[in-house]
Novice: 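One structure coming up, written as C-alpha cells, with questions to follow.
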Amino acid sequence: LLVRCFSLVPIIDAERVPLLGWQKEDVSMPIHGHYFNPVESKGLIGRLRTEGAVCIPSLVKGDVLATIQSELLPENGEPQPVEIGSVGVRQHFTRIPMPGALSVTHDVCISLELLINDALRTDGYSGDELHFNDFRIQRYEAGSPGVTPHLDFKSDRGLIALLSIVGEARFCVCEDRDGRGARQVRSDPGDLILMRGYGFLGIEERPMHFVDSIRSTRISIGLRCKVE
C-alpha cells in the first residue's frame, strides 16, 4: 500500500510567477517544464538495467535551483543516528524538514514524479507508474565522512531519485561494503541521479552505493516509493 505525503498537483503561487519567469497564459507546457531542462530519455531504461544508477545532468533550471537553495540553506536540520542497521552503516548528516506546500522545493519534488514517469514512458517503459511517498532532505557539512557503502531498503521499490541541490561531494556505486570497484556517478547541483530500487524491471539486486569527499556544505533531496 502506497500512501502519498501530499497532493500530486503542484500549487502555483501567483507571487512566485515573476520570480521563476513563468508566463501565466502559457498553458501548453507541462507543469514540470517550468522547473526542468529537457531530458534525453532514450536509452534510460537500458542504462538503469545495466548500471544500476545513472545521472540526468543539469536537470533543474538555474533560477529554480537558486530559489530552492535559498529555501534550504538556512536550515541546519536535525542530527540523525550515526550508525544504523545490523551491518553498521555509518552516516553523518542532518535531516531538513520539507518546506511548506507553497515552496518551490515542494513543487519541484512533486513535479519530479511527473517528469520521471514521462521519461520512462518515452523510453518504452510499460511497468507501473512511480508514486513517490517518502521525501528526505539531507544536509552534509564540509568534511563530513558522508555515508558508508550500503543498500537501500527492500521497501524502497521502483526507482530512487536523488536530486543534488548544493555542494561538492562524490556519489559512487560499488561492489561491496568495502567500496571496491567504485564508479562515480555525477552529482553536481541541479543533477538528478536515478537508482534502481528493489524489483525495478524485475531485478531484485540493489546497487551498493556511498557518499564521501564532501568538500562544501551539500544538500540533497531523496524521493522514494515506500511500501509497508
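Remember, predicted model here, so these are calculated numbers, not experimental data.
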Novice: Give the minimum heavy-atom separation between Cys174 and Ala182, together with the two atoms involved.
Specialist: CB-CA, 4.0 Å

Novice: Answer yes or no: is there a donor N or O on one side and an acceptor on the other, between the side chain of Arg139 and the main chain of Glu75, under 3.5 Å?
Specialist: yes

Novice: Mark yes or no for whether Asp134, through its side chain, and Arg224, through its backbone, hold a donor-acceptor pair below 3.5 Å.
Specialist: no

Novice: Going by heavy atoms in the side chains, are Ile214 and Glu141 under 4.5 Å from each other?
Specialist: no

Novice: Who pairs with Thr122 by side chain to side chain contact (heavy atoms under 4.5 Å, CB included), at least two apart in sequence or on another chain?
Specialist: Ser41

Novice: Checking Asn133 side chain against Lys226 main chain: does a donor-acceptor pair fall under 3.5 Å?
Specialist: yes

Novice: Between Glu113 (side chain) and Phe132 (backbone), is there a donor-acceptor pair under 3.5 Å?
Specialist: yes

Novice: When you look at CD of Glu83, are more than 12 heavy atoms from neighbouring residues, nucleotides or ligands closer to it than 6.0 Å?
Specialist: yes

Novice: Might you point out which heavy atoms bring His106 and Ala101 nearest each other, and give the distance in Å?
Specialist: ND1-O, 3.5 Å

Novice: To the nearest 0.5 angstrom, please state how far the CG atom of Asp191 sits from the OG atom of Ser164.
Specialist: 6.0 Å

Novice: Side chains of Leu120 and Leu159: closer than 4.5 Å at any heavy-atom pair?
Specialist: yes

Novice: Do NZ/NE/NH1/NH2 and the carboxylate oxygens of Asp178 and Arg180 come within less than 4.0 Å?
Specialist: yes

Novice: Calculate, to the nearest 0.5 Å, the distance between atoms CG and CD1 belonging to Leu48 and Ile203 respectively.
Specialist: 9.0 Å

Novice: Is it the case that the side chain of Asp156 and the backbone of Gly197 share a donor-acceptor pair, with hydrogens and angles ignored and the cut-off at 3.5 Å?
Specialist: no

Novice: I'd like to check the side chain to side chain contact (heavy atoms under 4.5 Å, CB included) partners of Ser220; sequence neighbours left out, ordered by chain and number.
Specialist: Gln138, Tyr140, Arg218

Novice: Taking all non-hydrogen atoms of both residues, which atom of Gly222 and which atom of Leu162 are closest, and how far apart?
Specialist: CA-CD2, 3.8 Å

Novice: Any non-hydrogen side-chain atom of Phe210 less than 4.5 Å from a side-chain atom of Arg170?
Specialist: yes

Novice: Drop me the distance from Leu72's CG to Ile137's CD1, to the nearest 0.5 angstrom.
Specialist: 5.0 Å

Novice: Clusters formed by hydrophobic residues whose side-chain heavy atoms approach within less than 4.5 Å: which one holds Met208, and what are its other members?
Specialist: Leu151

Novice: Sort and list the pairs that fulfil salt bridge (charged side-chain N to carboxylate O under 4.0 Å, His left out) and have at least one residue in residues 37-48, not counting sequence neighbours.
Specialist: Arg47-Glu51

Novice: Examine Leu59 and Ile219 and state if one hydrophobic cluster contains both, with Ile, Leu, Val, Met, Phe, Trp and Tyr joined whenever side-chain heavy atoms are less than 4.5 Å apart.
Specialist: yes

Novice: Assess the residue pair Arg121 and Glu129 against the criterion (salt bridge (Lys or Arg N to Asp or Glu O under 4.0 Å)); give the C-alpha distance rounded to whole Å, side-chain angles, the decisive distance to 0.1 Å, and a yes or no.
Specialist: CA-CA 9 Å; Arg121 283 195 298 269; Glu129 284 199 346; 2.6 Å; yes

Novice: Can Ile68 be reached from Leu223 by stepping across I, L, V, M, F, W or Y side chains whose heavy atoms are under 4.5 Å apart?
Specialist: yes

Novice: Please find the pair of heavy atoms, one from Leu130 and one from Gly158, that lie closest to each other, and give the distance.
Specialist: CD2-CA, 3.8 Å

Novice: Give me the atom names and distance for the closest heavy-atom approach of Val60 to Asn37.
Specialist: O-ND2, 3.9 Å

Novice: Is there side-chain contact between Ile116 and Leu192, with at least one heavy-atom pair below 4.5 Å?
Specialist: yes

Novice: Show your working on side-chain contact (heavy atoms from CB on, under 4.5 Å) between Ile221 and Leu112 and close with a plain yes or no.
Specialist: CA-CA 11 Å; Ile221 305 176; Leu112 265 177; over 6 Å; no

Novice: Checking Lys154 against Arg206 for the side-chain contact (heavy atoms from CB on, under 4.5 Å) test, could you report, in this order, the C-alpha distance in whole Å, the side-chain angles of both residues, the deciding distance, and whether it holds?
Specialist: CA-CA 8 Å; Lys154 286 186 177 181; Arg206 295 157 288 159; 3.7 Å; yes

Novice: Do any side-chain atoms of residues 91-100 form donor-acceptor pairs under 3.5 angstrom with protein atoms, and if so which ones, sequence neighbours left out?
Specialist:
from, atom 1, to, atom 2, distance (Å)
Gln91, NE2, Pro81, O, 2.9
Thr94, OG1, Asn76, O, 2.6

Novice: In Å and rounded to the nearest 0.5 Å, what is the CG to CD1 distance from Leu115 to Ile56?
Specialist: 6.5 Å

Novice: Quick check on the hydrophobic clustering: are Tyr35 and Val166 connected, directly or via other members, by side-chain heavy-atom contacts under 4.5 Å?
Specialist: yes

Novice: Do Phe36 and Val64 come close enough that some side-chain heavy atom pair is under 4.5 Å?
Specialist: no

Novice: May I ask whether Leu44 and Leu201 are part of the same hydrophobic cluster, defined by side-chain heavy atoms of I, L, V, M, F, W, Y residues being less than 4.5 angstrom apart, directly or through others?
Specialist: yes

Novice: What closest approach, in Å, do Leu194 and Ala161 show between heavy atoms, and which atom pair accounts for it?
Specialist: CD2-CB, 4.0 Å

Novice: For a side-chain contact (heavy atoms from CB on, under 4.5 Å) check, start with the C-alpha distance between Val39 and Asp118, then their side-chain angles and the critical distance, and finish with the verdict.
Specialist: CA-CA 10 Å; Val39 173; Asp118 282 352; over 6 Å; no

Novice: Residues sharing Phe153's hydrophobic cluster, by side-chain heavy-atom contacts under 4.5 Å among ILVMFWY, directly or via others?
Specialist: none

Novice: Take atom CG of Asp188 as the centre, draw a 6.0 Å sphere, and report whether it contains more than 12 heavy atoms from other residues, nucleotides or ligands.
Specialist: yes

Novice: Would the distance check show the side chain of Glu204 and the main-chain N or O of Gly202 forming a donor-acceptor pair, the cut-off being under 3.5 Å?
Specialist: no

Novice: Has the side chain of His150 got a donor or acceptor atom that lies under 3.5 Å from a matching backbone atom of His209?
Specialist: yes

Novice: With hydrophobic residues grouped by side-chain heavy-atom distances under 4.5 Å, do Leu163 and Leu65 end up in a single group?
Specialist: yes

Novice: Is it the case that more than 12 heavy atoms not belonging to Glu205 sit under 6.0 Å from its CD atom?
Specialist: no

Novice: Under 4.5 Å between any side-chain heavy atoms of Glu78 and Gln80, yes or no?
Specialist: yes

Novice: Rounded to the nearest 0.5 Å, how far does OG1 of Thr217 lie from CD of Gln69?
Specialist: 11.5 Å

Novice: Rounded to the nearest 0.5 Å, how far apart are CZ of Arg196 and OG1 of Thr50?
Specialist: 8.5 Å

Novice: Between Asn117 and Tyr125, is there a side-chain heavy-atom distance shorter than 4.5 Å?
Specialist: no

Novice: Under 4.5 Å between any side-chain heavy atoms of Val185 and Cys172, yes or no?
Specialist: no

